[in-house]
Visitor: 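Structure incoming, see below.
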Protein chains: 2
Amino acid sequence: MVASVNSRRRSRDDVAEMALRLLDEYGLPDLTMRHLATALGVQPSALYWHFPNKQALLAAVSELILAPMRETPADDLSVHEAVRLVGSRLRECLLAYRDGSELVSSSLALGLVSSPVRAQLLEVTRRHEVPDGQAEVAAEAVMHFVVGATFHEQQRLAADQLGLLAEPVAPGPDGARAGSGADGGDFAEALTMIAHGLEVSIAQDRSRGN
Amino acid sequence: MVASVNSRRRSRDDVAEMALRLLDEYGLPDLTMRHLATALGVQPSALYWHFPNKQALLAAVSELILAPMRETPADDLSVHEAVRLVGSRLRECLLAYRDGSELVSSSLALGLVSSPVRAQLLEVTRRHEVPDGQAEVAAEAVMHFVVGATFHEQQRLAADQLGLLAEPVAPGPDGARAGSGADGGDFAEALTMIAHGLEVSIAQDRSRGN
DNA sequence: ACCTGAACACCGTTCAAGT
DNA sequence: ACCTGAACACCGTTCAAGT
């Protein structure tokens, strides 16, 4: 509870915070233990006192990126609304830092970080008396879709930023509807689709007698 | 059409095929240009005549892994069935090689490989006169969910294989229903959910007058 | 057309030793 | 408790030169 006295955890968090700054400024490929050490004015080997290895450090950075998810109020929402809100909130978190989605994607897959949507979604579904099983499945679907789609999206953004002159796409009469992939609109549509699917599952479950 | 005469593409494909073998046997972290060169009896620099860089080589390997998707017949299926079949077929492809899902996940995100489900799904939805927009959104949702979930699943399998003694999980009375994550059953449930969601989207679209 | 040899500019991690 | 110094065992990539 008393945080200012204890300086023990401080420097560990400082390392993760500096890593996040470097990530945002130079990207994941340049987030090396050596660069990070230099930015902290320390030898690379010093980092291994705070973290057992690089993946653990990256997991800590992932948690910083996902921190806003914990304070996303999903109370008094319908199940449908909760899926859409939590999903798009997660997308915002991942887009907030350069290469954020790639970093979180791997930490998540390695199992070094817990689902950033599970708790919020289960809270809502429980209030609506939805069985946890259905809610867990939906939470997994939302998480994997959002992380995958946002990773893809962020990569395209980065590519466009490098080759600005290559394919300007020229938002003409048909606006952003060109290109091959999903934009923000498609993203919202997909979340709506998943929410619909969850509702159908719930209804079917109830008609079978809970 | 005549393949046996031309030896030009042969060696390029040989490189990708050997890379796939090394991937399956030693895993992605040990799939280095140097190991691959050694396995081919060649200098590392020789690989750069066939591929501009490692990512391009990995994309070629991804395509080998995804090749069976092209010959998955989705004809005369309902939209619902097609989503489930294509989704679980993709999962099988990714699980067929060690670290297959991780490799394909990154090639996909980098945009170096095209969607392994889009073509099949669009073929079916068109026969059922579903607007392409809905189908594209569903295809994205299916792809990202399957790749993400399978990546997660494959990583857990690998972890369990290393620490076999750590948590044997001991499939007791409640069978495989323990643990925190999604198993094969949850995977199928999630696909069903997405299929349901697509059906609702289609129905809503039609009631608005196509 | 396809490959070698040699180099460049890096990596993550360990570990004895310092303070 | 926290860090240095020095090393180990690697990486991907380039490029002149060979055949």
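Letters A, B, ... mirror the listed sequences (proteins, then strands); counts begin at 1. Only this structure's heavy atoms are used, side chains among them; waters, hydrogens and symmetry mates stay out.
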Visitor: Determine the interatomic distance between P on C:dC10 and the same-named atom on D:dA9; round to the nearest Å.
Guide: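 Here C:dC10 and D:dA9 have their P atoms 22 Å from each other.
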Visitor: Check the distance between D:dC10's C1' and B:D30's CG and give it to me in whole angstrom.
Guide: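 After rounding, the reported distance stands at 11 Å.
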Visitor: Would you find a donor on one side and an acceptor on the other, under 3.5 Å apart, between the side chain of A:T125 and the backbone of A:L122?
Guide: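 Yes.
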Visitor: Hunt down any stem DNA chain D takes part in, defined as 3 or more consecutive Watson-Crick or G-U pairs whose two distances are each under 3.5 Å.
Guide: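 Listed by first number, the stems are C:4-8 with D:12-16, C:12-16 with D:4-8.
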Visitor: Is it true that a side-chain atom of B:Q154 and a backbone atom of B:S101 form a donor plus acceptor pair closer than 3.5 Å?
Guide: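 Yes, the answer is positive, given that a donor and an acceptor are paired below the 3.5 Å cut-off.
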Visitor: OP1 or OP2 of C:dA1 sitting under 4.0 Å from any side-chain N/O of B:H50?
Guide: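 No.
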Visitor: Are B:R98 and B:E25 close enough for a salt bridge, meaning some N to O gap below 4.0 Å?
Guide: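 No.
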Visitor: Keeping to residues at least two apart or across chains, list the salt bridge (Lys or Arg N to Asp or Glu O under 4.0 Å) pairs with something in residues 66-84 of chain B.
Guide: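 Residue pairs passing salt bridge (Lys or Arg N to Asp or Glu O under 4.0 Å), neighbours aside: none found.
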Visitor: How many Å lie between OH on A:Y26 and P on C:dC10, as a whole number?
Guide: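 The distance from OH of A:Y26 to P of C:dC10 comes to 15 Å, rounded to the nearest Å.
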Visitor: D:dG5, OP1 or OP2 - any side-chain N/O from A:Q43 closer than 4.0 Å?
Guide: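 Yes.
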Visitor: Assign a letter to each nucleotide of nucleotides 12-19 of chain D from its 5' end: B, base within under 4.0 Å of a protein heavy atom; S, sugar-phosphate only; -, no contact.
Guide: BBBB----
Visitor: A:L36 CG to D:dC3 P: how many Å, rounded?
Guide: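 After rounding, the gap between these two atoms is 12 Å.
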Visitor: Using the side-chain hydrogen bond (donor to acceptor under 3.5 Å, both in side chains) criterion, which residues pair with B:S45? Sequence neighbours excluded.
Guide: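 B:S45 satisfies side-chain hydrogen bond (donor to acceptor under 3.5 Å, both in side chains) with no residue once adjacent residues are dropped.
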Visitor: Pair up each side-chain donor or acceptor in residues 54-64 of chain B with any protein partner under 3.5 Å, not counting sequence neighbours, and list the distances.
Guide:
unit_1, atom_1, unit_2, atom_2, d
B:K54, NZ, B:L31, O, 3.1
B:S62, OG, B:L58, O, 3.0
B:S62, OG, B:S107, OG, 2.8

Visitor: Could you work out, with salt bridge (Lys or Arg N to Asp or Glu O under 4.0 Å) as the rule, every residue matching A:R89, not counting sequence neighbours?
Guide: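 Listed in chain order: A:E92.
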Visitor: Does the side chain of A:F187 come within less than 4.5 Å of A:V146's, by heavy atoms?
Guide: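 They are in contact (side-chain heavy atoms under 4.5 Å apart), so the answer is yes.
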